[in-house]
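In this text the structure is predicted, and so the values were computed from the model without any measurement. Just so you know, residue 1 is the first one in the sequence shown, and it goes up from there.
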Amino acid sequence: MKKRSLLILAFFGCASLLAKAQTLSPELNQVLLKSKQGAVVELPGFLGKQYAPIEYQKIVLPGPQYLISDDPEYIRVPEAVAFREAVQPGSVRLYVYNVNGVKEPQKIDRKITAVIKNTGTSVMHLRMLKYSSQPPSTNYFKIGKEGLADYFASKGDSKIRTIKPGEAITIDEKLEKNVVKYDELVHGFYEFVIDQPGEVSVLQTDLKTSGPQALKRITNVLPPKSQSGAGRGVFGVSNYQVIASNVIDTKNGPAELIVADGVKDPWVTGHESTTGHIARLAGNYGVMYEVELKWKSSDGKGLALVTWNSRADDNKWCGGMAATMVMDKGKFEGGIVQLPSDRLTTKRAPEAILIQVFPPAANGEEQTIRFTYSPPGASCLPTPLIFVPVDMK
């Protein structure tokens, strides 16, 4: 998922001093009030400061076995298996993020597909619970943002597919039909349930050969490179619940929630079977964060939620950011929101994206904000979530 460097964040000073320094001007306050959900807004002089950190507890929720194929990100040989892991009966989440990297002796069209083999002794039944599959493209931001939106919106499929012992089928039939040109990304995000042990492989082959056919003749599994891509393997965490430790109060000024930074929120670990090594998922891509925060307004202000590309000046690969979240209801209706919604990406400060505005309760009582966040593919992390007090008038 493009080269990304690790950002180490430090927070200094008390919340009251930070709040005083970061109060929105009346002009910027109106910018937030008048903007549409998901729109890029300009907040000159506001972004990139130190905000009061939102401390939180993180709970591992029950979830599917989580598999990701993103190392090697670029498959440089014409035919090979780039990922292979065993799965057990139950639910499985699979994230495919691979690129046709063949350029020697020339650039050629390829097929990148995912297959599952039944390694059990009885017929395997497979049913898709979540499905997201985008056409191959060099527009990685578009794929990452829309792929996550499709995953959140997916209702699954009642169709049950069967696989005999020792046989294999394609997990996503669309991947079998795609023509993947040089440097194009194949992005698939799936959740399915099986009732027999199996083996999942992601492979690259020619356009005429099906994935199951290629699986029979390919003997080599590419070694992980660990220089490009987030990682590969089976990971022990697929879902987190994040609960804020304290109540956010608008009187204290802006507050910032940071997840998926690799420091405060470490990368999840798992196992990579070809090497037998512990694997690290740099970025926690595909992990779902169910976030819950309580807030109140002691001064009658509302709360605007914004995000921005905090990494634009850190790395040449971080010139843009795009994301998708499932957001609670506020001034705007709740549901899936692509960030940004009015263009492909946000670039750098002073640009931010307005996610939601939460009006204060009439009596000032506590309210709860809930949303689902997953680290966006193709974007550098972290993507800070800043809660900004706003005058609703």
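Cluster membership for Y131 and I143, using ILVMFWY side-chain heavy atoms within less than 4.5 angstrom, is not shared. Linking Ile, Leu, Val, Met, Phe, Trp and Tyr whenever their side-chain heavy atoms come within less than 4.5 Å puts V268 and V259 in one cluster. Hydrophobic clustering (ILVMFWY, side-chain heavy atoms < 4.5 Å, transitive): I336 and L129 are in distinct clusters. Connection of V41 to V388 is established within a shared hydrophobic cluster, with ILVMFWY side chains joined at heavy-atom distances below 4.5 Å, either directly or through further cluster members. Linking ILVMFWY residues whenever their side-chain heavy atoms come closer than 4.5 Å, directly or via other members, leaves V200 and I68 in distinct clusters.
Partner of M288 under the side-chain contact (heavy atoms from CB on, under 4.5 Å) criterion, chosen from Y240, Y151, Y66: Y151. With T209 as the partner, the side chain to side chain donor-acceptor pair (under 3.5 Å) test is satisfied by one option alone out of E79, R217, K111: R217. Of the residues L148, V96, D172, the one that meets the side-chain contact (heavy atoms from CB on, under 4.5 Å) test with F189 is L148.
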Can you list the steps and then say if E199 with R84 is a salt bridge (Lys or Arg N to Asp or Glu O under 4.0 Å)?
CA-CA 7 Å; E199 184 179 73; R84 176 174 289 162; 3.7 Å; yes
How far apart are the C-alpha atoms of R348 and D313, what are their side-chain angles, what is the distance that settles it, and do they pass the salt bridge (Lys or Arg N to Asp or Glu O under 4.0 Å) test?
CA-CA 8 Å; R348 53 172 36 85; D313 297 326; 3.5 Å; yes
Should V40 and W308 be marked as a side chain to side chain contact (heavy atoms under 4.5 Å, CB included) after you check the CA-CA gap, both sets of side-chain angles, and the distance that decides it?
CA-CA 9 Å; V40 172; W308 68 296; over 6 Å; no
Evaluate the salt bridge (Lys or Arg N to Asp or Glu O under 4.0 Å) criterion for residues K347 and E351: first the C-alpha distance (whole Å), next the side-chain angles of each, then the deciding distance (0.1 Å), finally the verdict.
CA-CA 7 Å; K347 300 297 184 182; E351 288 185 1; over 6 Å; no
Could you give me the CA-CA distance, side-chain angles and deciding distance for E290 and T372, then say whether side chain to side chain donor-acceptor pair (under 3.5 Å) is met?
CA-CA 5 Å; E290 301 295 339; T372 303; 2.8 Å; yes
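A donor-acceptor pair under 3.5 Å links the side-chain atoms of S310 to the main chain of P382, judged by distance alone. For D71 (side chain) and G229 (main-chain N/O), no donor-acceptor pair under 3.5 Å exists by modelled atom type. Side-chain N or O atoms of S297 include none that pairs as donor or acceptor with a backbone N or O of T250 at under 3.5 Å. For the pair N98 (side chain) and P72 (backbone), a donor-acceptor distance under 3.5 Å is present. Distance alone, capped at 3.5 Å, places no donor-acceptor pair between the K36 side chain and the S341 backbone. A donor-acceptor pair under 3.5 Å is absent between the side-chain atoms of D314 and the main chain of C318, judged by distance alone. Within the 3.5 Å criterion, the main-chain N or O of I369 finds no donor-acceptor partner in the side chain of E292. With E366 contributing its side chain and W295 its backbone, the two residues share no donor-acceptor pair below 3.5 Å. In terms of modelled atom types and a separation under 3.5 Å, the side chain of N118 and the main chain of I163 share a donor-acceptor contact.
Donor-acceptor pairing under 3.5 Å is recorded for the side chains of Y373 and T383. Remark: the E85 side chain and the S273 side chain contain an N/O donor-acceptor pair separated by less than 3.5 Å. In the model, S298 has a side-chain atom that pairs as donor or acceptor with a side-chain atom of D249 under 3.5 Å. Checking T274 against E272 by side-chain atom types alone, a donor-acceptor pair falls below 3.5 Å. A donor atom on one side chain and an acceptor atom on the other are not found under 3.5 Å apart for E184 and S137. Under 3.5 Å, the side chains of D109 and Y182 contain no donor-acceptor pair of N or O atoms. Side-chain atoms of H187 and Q134 include a donor-acceptor pair closer than 3.5 Å. At a cut-off of 3.5 Å, with distance as the only test, a side-chain donor of D265 or Y289 sits close to an acceptor on the other residue. Side chains of N239 and R93: a donor on one and an acceptor on the other come within 3.5 Å. N309 and T346 are not linked by any side-chain donor-acceptor pair at a separation below 3.5 angstrom, with hydrogens and angles left out of the test. Between the side chains of S69 and R232, no donor-acceptor pair is found at a separation under 3.5 Å.
Listed here is the closest heavy atom pair of L381 and P375: CD1-CB, 3.8 Å. Heavy atoms only, all atoms of each residue included: T170 and E176 are closest at OG1-OE2, 3.1 Å. Residue Q204 comes nearest to N100 through the heavy atom pair OE1-CA, 3.5 Å, listed as atom of the first residue, atom of the second, then distance. Summarising the geometry of P350 relative to L47, their closest heavy-atom pair is O-CD1, 3.6 Å, with the distance given to 0.1 Å. Closest approach of Q367 to P359, counting heavy atoms only: NE2-O, 3.2 Å. I194 and Q196 get closest at one heavy-atom pair: CD1-O, 3.4 Å.
Taking the six-membered ring for Trp and the full ring otherwise, the centers of H271 and F235 sit at least 6.0 Å from each other.
Applying the 6.0 Å contact sphere to NZ of K142 captures no more than 12 heavy atoms from other residues, nucleotides or ligands. Within 6.0 Å of the NZ atom in K58, the count of heavy atoms belonging to other residues, nucleotides or ligands exceeds 12.
At a threshold of 4.5 Å between non-hydrogen side-chain atoms, the residues L354 and L32 count as touching. Contact annotation: the side chain of K117 never approaches that of M124 to less than 4.5 Å [non-hydrogen atoms, C-beta and beyond].
In this structure, F387 and F371 have tilted ring planes: the angle between them lies in the 30° to 60° band.
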